[in-house]
Amino acid sequence: MKLRMLLVVALLMSLFSVVNAAPGGHGKGENWVPPGLENWHDKWPDLNGKFHRGKRQVHLGPRPFWLVNDMDDGPLKDTLQSCHGKNFRPTDFSIGHRGAPLQFPEHTMESYVAAAQMGAGILECDVAFTKDRELVCRHAQNDLHTTTNIVAIPELNAKCTQPFVPADPESGTEAQAECRTSDITLEEFKSLEGKMDAFNPMATTPEEYLEGTADWRTELYSSRGTLLTHQESIELFKALGVKFTPELKTPVVDMPFEGDYSQQDYARQMIQDYIDAGVSPADVWPQSFLLDDVLFWVNETPRFGKQAVFLDQAPLTPENSSLAWMENLSAQGVNILAPALWKMLALDAHQEIVPSEYAENARAAGLDLIAWTVERSGPLADGGGWYHQTITDAINNDGDVFTVIDVLARDVGVIGIFSDWPATTTFYANCMGIAGRSH
């Protein structure tokens, strides 16, 4: 018995040393267990990354059904109402945008787990780099001051590009801060806590600056926000049984960083993490707003470049919505285009939502389309804001999110939709029988 105990202790100690030897607190082997998932083996796929298709339970919660009840009367509402009680399954049509940031701190373990539980088949890690050139999940290189507690930690706030400066209420001068992932090391990054993306512009203390969450979001789940490295996100997503859409964030620092870390080094490093983790290129959709990044993957790592996604948020012009422009993208090896959803939608003479010329030309050129982002605008009663700018006159209630999703899915023909609350898109995909992309 004593010998058995000694062997167990020795094994645990060896595993502990391996886990803590690598950057980010884990190695690249298969023994690392994502934090918080240690006892979830009976609920999720095994930690070797094997996808147990159809086995993951989906918990939609009340929101999709609340949205259906808020819809205008019509055939779509009738169809969606008939799906109550359906056995819902995960689907790749439902993409977790930064996890589930409508209510959970974005790019945190907790947000990702929530999105997977809602049936998202693909999750997004936006990839930024630290001062010591380690890759981490953050929406922007320079958003730590609004998405973490960094300004409330004096020794780390002092390292920020712009340390916190309090507001001056008398003059109306707003508070200032800018904290970048490249301002701090990976070890320092991992000491931070994620929070809802918000700030109080009139804050006079760091603690006040961390406030400001929109009233249509919530602080209910912000007591825990576990930050992840890119490598940790890969292992977590494997454990959750989801696929991967990493976005290489456009740096705010001059590249090459510190003279010798180039944009291509950065783009190559992101893909290498998937190669090292043994992830199939068929399960990865690398993204970038920079066409040069996409073309780099197409040409240097063609197996990953085949599903590389060109993100497009440029203002619409006759040139960049033309068939010739779309065909040029395709000729260069781009297969997937992901514009803001408003670019793919327009209103017809009857004020009905229809595919835009941009969308029709993209499909004519053979490009697959992905839309972003539903459920990011808050309440839709006032037209839906930036994300619905081409269809504002047709948006007047929260249930209209399903009308938008329906046009994108059935008329535009998108292959996936990013959402801040994936349960809604999961519900639609299951109800409408969207097949071919489900686990």
Side-chain angles (χ1 to χ4, degrees), residues 92-93 95 97 122 124 126 243 245-250 263 267 271 281-282 284-349 352-374 376 384 386-392 394 403-419 425 429 434 436-437:
D92 291 354
F93 188 79
I95 306 172
H97 179 240
I122 303 171
E124 177 189 46
D126 290 332
K243 299 177 185 178
T245 186
E247 180 188 332
L248 196 75
K249 300 308 299 186
T250 303
Q263 184 71 21
I271 297 299
V284 184
W285 286 263
Q287 317 168 72
S288 179
F289 281 101
L290 301 180
L291 180 57
D292 285 347
D293 290 340
V294 175
L295 297 181
F296 174 77
W297 294 322
V298 166
N299 294 313
E300 176 159 305
T301 56
R303 293 180 66 212
F304 287 90
K306 183 179 180 180
Q307 293 189 156
V309 180
F310 177 39
L311 299 166
D312 180 16
Q313 66 175 354
L316 278 175
T317 67
E319 291 75 24
N320 68 19
S321 58
S322 68
L323 179 59
W325 189 78
M326 302 294 180
E327 289 176 335
N328 182 54
L329 288 177
S330 180
Q332 295 180 80
V334 176
N335 293 318
I336 307 174
L337 182 63
L341 64 87
W342 61 266
K343 300 189 74 168
M344 292 184 282
L345 302 176
L347 295 178
D348 65 13
E352 298 291 333
I353 303 174
V354 296
S356 67
E357 182 182 11
Y358 176 104
E360 291 175 340
N361 285 335
R363 293 302 305 276
L367 297 172
D368 284 330
L369 293 167
I370 295 174
W372 51 270
T373 302
V374 298
R376 187 151 187 85
W386 186 86
Y387 284 90
H388 304 83
Q389 59 189 273
T390 53
I391 56 172
T392 294
T403 303
V404 170
I405 292 172
D406 189 58
V407 175
L408 288 170
R410 294 206 292 180
D411 299 330
V412 175
V414 300
I415 64 172
I417 297 178
F418 281 90
S419 176
T425 308
I434 295 178
R437 293 182 286 275

- Can you name the closest pair of heavy atoms from Ser356 and Lys343 and give their distance? OG-O, 2.6 Å
- Message: How long is the straight-line distance from CE of Met326 back to CG of Asn320, given to the nearest 0.5 Å?
- Response: 7.5 Å
- Can you name the closest pair of heavy atoms from Gly384 and His388 and give their distance? O-ND1, 2.9 Å
- Taking every heavy atom of Val374 against every heavy atom of Leu341, the minimum-distance pair comes out as CG1-CD2, 3.8 Å
- Output the distance between atom CG (Asn328) and atom CG (Leu323), rounded to the nearest 0.5 Å. 11.0 Å
- Message: Using side-chain heavy atoms (C-beta onward) and a distance below 4.5 Å, is Leu367 in contact with Phe310?
- Response: no
- Asp292 atom CG: more than 12 heavy-atom contacts under 6.0 Å: no
- Trace of the side chain to side chain contact (heavy atoms under 4.5 Å, CB included) decision for Phe296 with Ile271: CA-CA 11 Å; Phe296 174 77; Ile271 297 299; over 6 Å; no
- Message: Could you measure the distance from the CZ atom of Arg376 to the CH2 atom of Trp386? Nearest 0.5 Å is fine.
- Response: 10.5 Å
- Item | CG-CH2 distance between Leu337 and Trp325, expressed to the nearest 0.5 angstrom | 5.5 Å
- For the side chain of Thr390 and the backbone of Leu345, is there at least one donor-acceptor N/O pair under 3.5 Å apart? yes
- Query: Hey, does Pro339 have a side-chain heavy atom less than 4.5 Å from the side chain of Leu369?
  - Reply: yes
- Query: Taking the side chain as C-beta and beyond, is there a heavy-atom pair between Glu124 and Asp126 under 4.5 Å?
  - Reply: yes
- Do the side-chain N and O atoms of Ser321 and Glu357 include a donor-acceptor pair separated by under 3.5 angstrom? no
- If every non-hydrogen atom of Val298 is compared with every non-hydrogen atom of Gln332, which pair is closest and at what distance? CG1-O, 3.9 Å
- Taking the side chain as every heavy atom from C-beta outward, state whether Trp297 and Ser288 have any pair of such atoms under 4.5 Å apart. yes
- Find out whether Asp406 and Asp411 are in side-chain contact, i.e. whether some heavy atom of one side chain is under 4.5 Å from a heavy atom of the other. no
- Query: Would a 4.5 Å heavy-atom cut-off, applied to side chains only, mark Gln263 and Leu248 as touching?
  - Reply: yes
- Item | Residue of the set Thr425, Ile415, Thr373, Ile370 for which side chain to side chain contact (heavy atoms under 4.5 Å, CB included) holds with Ile95 | Ile370
- What's the spacing between Leu290 CG and Leu295 CG if we round to 0.5 Å? 10.5 Å
- Val354 and Leu347: which non-hydrogen atoms are nearest, and at how many Å? CG2-C, 4.3 Å
- Message: As a test of understanding, state which of Val334, Asn335, Ile336 forms a side chain to side chain contact (heavy atoms under 4.5 Å, CB included) with Asp368.
- Response: Ile336
- Can you check whether Ile391 reaches Trp342 side chain to side chain, under 4.5 Å on heavy atoms? no
- Message: Any heavy-atom pair between the side chains of Tyr387 and Val404 that's under 4.5 Å?
- Response: no
- Message: Within this structure, what is the CD-OG1 distance for the pair Glu352 and Thr403, rounded to the nearest 0.5 Å?
- Response: 9.0 Å
- Query: Do you know which two heavy atoms are closest between Ala409 and Ile434, and how far apart they sit?
  - Reply: CB-CD1, 4.2 Å
- Message: Working note: Phe289 + Trp372, criterion ring pair (Phe, Tyr, Trp, His ring centres under 6.0 Å); need CA distance, chi angles, decisive distance, verdict.
- Response: CA-CA 13 Å; Phe289 281 101; Trp372 51 270; 5.8 Å; yes
